[in-house]
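Please read the structure below before turning to the comments.
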Amino acid sequence: MNIQNQIIKVTQRAVKDLYAADLSEDQISLQETRKEFEGHFTLVTFPIIRFSKKSPEQTGQEIGEYLKNEIDSIVDFNIIKGFLNLVLSSDYWFERLQTEITDPDHGFFPKNGKKLMLEYSSPNTNKPLHLGHIRNNLLGYSVAEILKAYGYEVIKANLVNDRGIHICKSMLSWKLYGDGETPESSGLKGDHLVGKYYVRFDKEYKKQIKGLISSGHTEEEAKKNAPLIKEAQSMLQKWEAHDPEVVELWRMMNGWVYAGFAETYKQLGVDFDKYYYESDTYLLGKDIIQEGLESGVFYKKDDNSVWIDLTDDGLDEKLVLRGDGTSVYITQDLGTAQLKYDDFKIDESIYVVGNEQDYHFKVLFLILKKLGKSWAEGLFHLSYGMVDLPSGKMKSREGTVVDADDLIEEMISTAKARTEELGKVSDFSSEEKEKLYYNIGLGALKYFLLKVEPKKRLLFDPNESIDFQGHTGPFIQYTYARINSVLNKSGFNVETIVEKPTVFKESELDLIQLLDRFPEKIEASAKEFSPAQLANYIYDLSKLYNKFYHEESILKAEDEHIKNFRLKLSKVTALTIAKGMKLLGIDVPERM
RNA sequence: GCCUCCAUAGCUCAGCUGGAUAGAGCAACGGUUUUCUAAACCGUCGGUCACAAGUUCGAAUCUUGUUGGGGGUACCA
């Protein structure tokens, strides 16, 4: 049992003994003592005075004495109004450092026996990835890693949107204007080549619409009847009928895109355990529609379309199958949800998808519950905010997107420029240098995106480069490298016997306390699916370490005991930083 | 129209289940290097927590309303 729980338990007993009242756990408010006061934990006694019928000061005094008598680690306390500040012994904190914090598994939880699928990325195969996808990928990857650390077995899944009218647009456009261009012949990355034809389609299509409007059609008619869109639709029908020529073209172009995506994923350091392809799953879900019709959850309208009435739940009536028997988006998603469960018997299933689809997932999960699926309770939409530019939303067709590959490249070259300016690694081989630039560049990018709460929209200004100083990934990486440098010079290893110093310096004690909270932060990040919580913690830890580093000399400490103690503290800080950053998908360099 | 999310320093963000004088970074200004990596550290400046009412011993945090912005909205995904 940790000290917080112990304090809570004993407080309950104190209130019972002293005031003959039963206090539930959530009636007790225990928090970290604020920096400006003496103590480590603070019990807020305001809620207790209605039982004690005494002043906050006196109540605090009585409970303080009780706690001090009962818990060895509490050596002192002070009271300011309704705040009882508890002071723990230096023995307690040193013990924490020697045991829990030094444990290589500090921060990691035992396996909880639960299996969870986390779907992220899920790109369309008609254009390259952009900054919005980067956020999705980094978020998905990091949440998956955090959940593993929290004890889950995690299956990372990617549901590739590889079919549909938008894919046919690129295909048709390439066929008409491509002149046999390939990634090899053009030197273009496959996904970019395909994206080029997607944009070209839109351009030509708009031209046709304009032409039709000027010859007297309404805009709506023009959009519907333009020859290009007609042709794309007929291509989609051919694809669905397994027309060999269309399928061949589809295979070839998707192959280009996959090769391109694989490169981007590799650069981002994300991976997947299971790929689902919409071309395999788009017909799923129809049996579920049948099932729902039989059980009366769904109903049929005169035109044969199938609906569900969700007005009692504050939502609308929702179409789940078209009148002609073809699927809509949600039909497939119903089927795919079932497939995921059938494949892996997962306890929980998380979808990392932007908040523009909040309504869709609300409906999807509600329908599955109404259908009585036992696993529906374990579904969760991890909804994240859009990445906006100062000019507003990114739009691929208007060319206002921040391309993923370009941005990554830019981050690496900026990292290179900064590093060369500082000139600290001139003795590195060119391979080592490349690796370092990559780590720092990606570290800056990843941290920039992950430090913001997923739910919030994120502003990215392409004209202002992402920082490498202050609250950033490189700052944390630098802290790690700095510690590493000291450790290397010292010859310290984990086995070195460390004795408790007679007095702790303020920054030393602060550091131990903060390190002690690492597991708590992992837990919070896992429960809230929020890498931001962890990211901000690692920053606080790094900042605190730098303060300590600046205030106290390590290698030239007063004596050998203190030196070893500080080395130990440095070592575990470095390990904690590295573990935490790993969960964000960021590597820390040994030198920079 | 209806539903939903958001609003904290000039800018980008923290602020845990309601708790003490609301914190960081960037930007601006000043200081720290014969001493372990200055991608660092220290200081100054900067706030009506959008606005109003309510609940409470106590509200940036909870409730309601108002304003402003994002997203969604019945056969797109």
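We name chains A, B, ... by the order of the sequence lines, and we start the count at 1 in each one. Keep in mind that what you see is a predicted model, and the values were worked out from it rather than measured.
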OP1 or OP2 of [N] sitting under 4.0 Å from any side-chain N/O of [X]?
{"X": "A/Ser485", "N": "B/U37", "value": "yes"}
{"X": "A/Lys489", "N": "B/U37", "value": "yes"}
{"X": "A/Lys543", "N": "B/G25", "value": "yes"}
{"X": "A/Lys455", "N": "B/C6", "value": "yes"}
{"X": "A/Arg457", "N": "B/G70", "value": "no"}
{"X": "A/Lys362", "N": "B/C3", "value": "no"}
{"X": "A/Arg163", "N": "B/A77", "value": "no"}
{"X": "A/Lys547", "N": "B/A40", "value": "no"}

In whole Å, measure the gap between the [atom1] atoms of [N] and [M] for me.
{"N": "B/G10", "M": "B/C45", "atom1": "C1'", "answer": "12 Å"}
{"N": "B/U12", "M": "B/U44", "atom1": "P", "answer": "25 Å"}
{"N": "B/C29", "M": "B/G15", "atom1": "C1'", "answer": "27 Å"}
{"N": "B/U64", "M": "B/C3", "atom1": "P", "answer": "12 Å"}
{"N": "B/C57", "M": "B/C5", "atom1": "C1'", "answer": "33 Å"}
{"N": "B/G68", "M": "B/U8", "atom1": "C1'", "answer": "16 Å"}
{"N": "B/A50", "M": "B/C26", "atom1": "C1'", "answer": "23 Å"}

Calculate the interatomic distance between [X] atom [atom1] and [N] atom [atom2]; express it in whole Å.
{"X": "A/Glu32", "N": "B/G23", "atom1": "CD", "atom2": "C1'", "value": "15 Å"}
{"X": "A/Phe468", "N": "B/G25", "atom1": "CZ", "atom2": "P", "value": "19 Å"}
{"X": "A/Leu84", "N": "B/G19", "atom1": "CG", "atom2": "C1'", "value": "14 Å"}
{"X": "A/Ile476", "N": "B/G25", "atom1": "CD1", "atom2": "C1'", "value": "12 Å"}
{"X": "A/Tyr549", "N": "B/A40", "atom1": "OH", "atom2": "P", "value": "13 Å"}
{"X": "A/Arg566", "N": "B/C36", "atom1": "CZ", "atom2": "P", "value": "16 Å"}
{"X": "A/Phe51", "N": "B/C57", "atom1": "CZ", "atom2": "P", "value": "13 Å"}
{"X": "A/Met386", "N": "B/G69", "atom1": "CE", "atom2": "P", "value": "20 Å"}

Identity of whatever pairs with [N] - Watson-Crick or G-U, under 3.5 angstrom:
{"N": "B/C29", "result": "B/G43"}
{"N": "B/U17", "result": "none"}
{"N": "B/G65", "result": "B/C51"}

Is the distance from the ring center of [X] to that of [Y] below 6.0 Å?
{"X": "A/Tyr545", "Y": "A/Phe548", "answer": "yes"}
{"X": "A/His381", "Y": "A/Phe365", "answer": "no"}
{"X": "A/Phe475", "Y": "A/Tyr539", "answer": "yes"}

Practice prompt. Would you mind telling me which residue lines up with the more 5' stretch of RNA chain B, A/Glu356 or A/Leu315, judged by nearest nucleotide?
Written response: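 Nearest nucleotide further toward 5': that of A/Leu315.
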Worksheet item: Taking for each residue the nucleotide of RNA chain B bearing the nearest heavy atom, is the 5' side occupied by A/Gly314 or by A/Ser542?
Response: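 Its nearest nucleotide being more 5', the pick is A/Gly314.
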Does [X] reach a base, just sugar-phosphate, or nothing at all? Heavy atoms under 4.0 Å.
{"X": "A/Glu278", "answer": "sugar-phosphate"}
{"X": "A/Ala532", "answer": "nothing"}
{"X": "A/Lys318", "answer": "nothing"}
{"X": "A/Val44", "answer": "base"}
{"X": "A/Phe37", "answer": "base"}
{"X": "A/Ser383", "answer": "nothing"}
{"X": "A/Pro56", "answer": "nothing"}
{"X": "A/Met592", "answer": "base"}
{"X": "A/Glu453", "answer": "sugar-phosphate"}
{"X": "A/Arg50", "answer": "nothing"}
{"X": "A/Ile49", "answer": "nothing"}
{"X": "A/Asn161", "answer": "sugar-phosphate"}
{"X": "A/Phe46", "answer": "base"}
{"X": "A/Asn85", "answer": "base"}

Worksheet entry | Heavy-atom closest pair, residues A/Asp467 and A/Thr472 |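 Shortest heavy-atom contact: O-CG2, 3.5 Å.
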Worksheet item: Do any N or O atoms from the side chain of A/Tyr447 and from the backbone of A/Ala535 form a donor-acceptor pair under 3.5 angstrom?
Response: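 Present.
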Worksheet item: Are the side chain of A/Thr331 and the backbone N or O of A/Val320 linked by a donor-acceptor pair below 3.5 Å?
Response: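 Between the backbone of A/Val320 and the side chain of A/Thr331 there is a qualifying donor-acceptor contact (under 3.5 Å).
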Worksheet item: Should the pair A/Phe518 and A/Tyr537 be assigned to parallel (<30°), tilted (30 to 60°) or perpendicular (>60°) ring geometry?
Response: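 Parallel.
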Worksheet entry | Minimum-distance nucleotide (side-chain atoms of A/Asp303 versus B/A14, B/C75, B/C36) |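 That would be B/C75.
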Between the side-chain atoms of [X] and the base atoms of [N], is any donor-acceptor pair under 3.5 Å?
{"X": "A/Asp358", "N": "B/C3", "answer": "no"}
{"X": "A/Asn546", "N": "B/A38", "answer": "no"}
{"X": "A/Thr479", "N": "B/A40", "answer": "no"}

Worksheet item: Can we say A/Lys433 and A/Asp427 salt-bridge, meaning some charged N sits less than 4.0 Å from an Asp/Glu carboxylate O?
Response: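 No, this pair does not count.
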Worksheet item: Looking at A/Trp239, A/Tyr277, A/Tyr276, which one forms a ring pair (Phe, Tyr, Trp, His ring centres under 6.0 Å) with A/Tyr282?
Response: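 That would be A/Trp239; it is the only one of A/Trp239, A/Tyr277, A/Tyr276 passing the ring pair (Phe, Tyr, Trp, His ring centres under 6.0 Å) with A/Tyr282.
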Worksheet item: Is there aromatic stacking of A/Phe475 against B/A40, centre distance under 5.5 Å, plane angle under 30°?
Response: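 Given the distance and angle limits, no, they do not stack.
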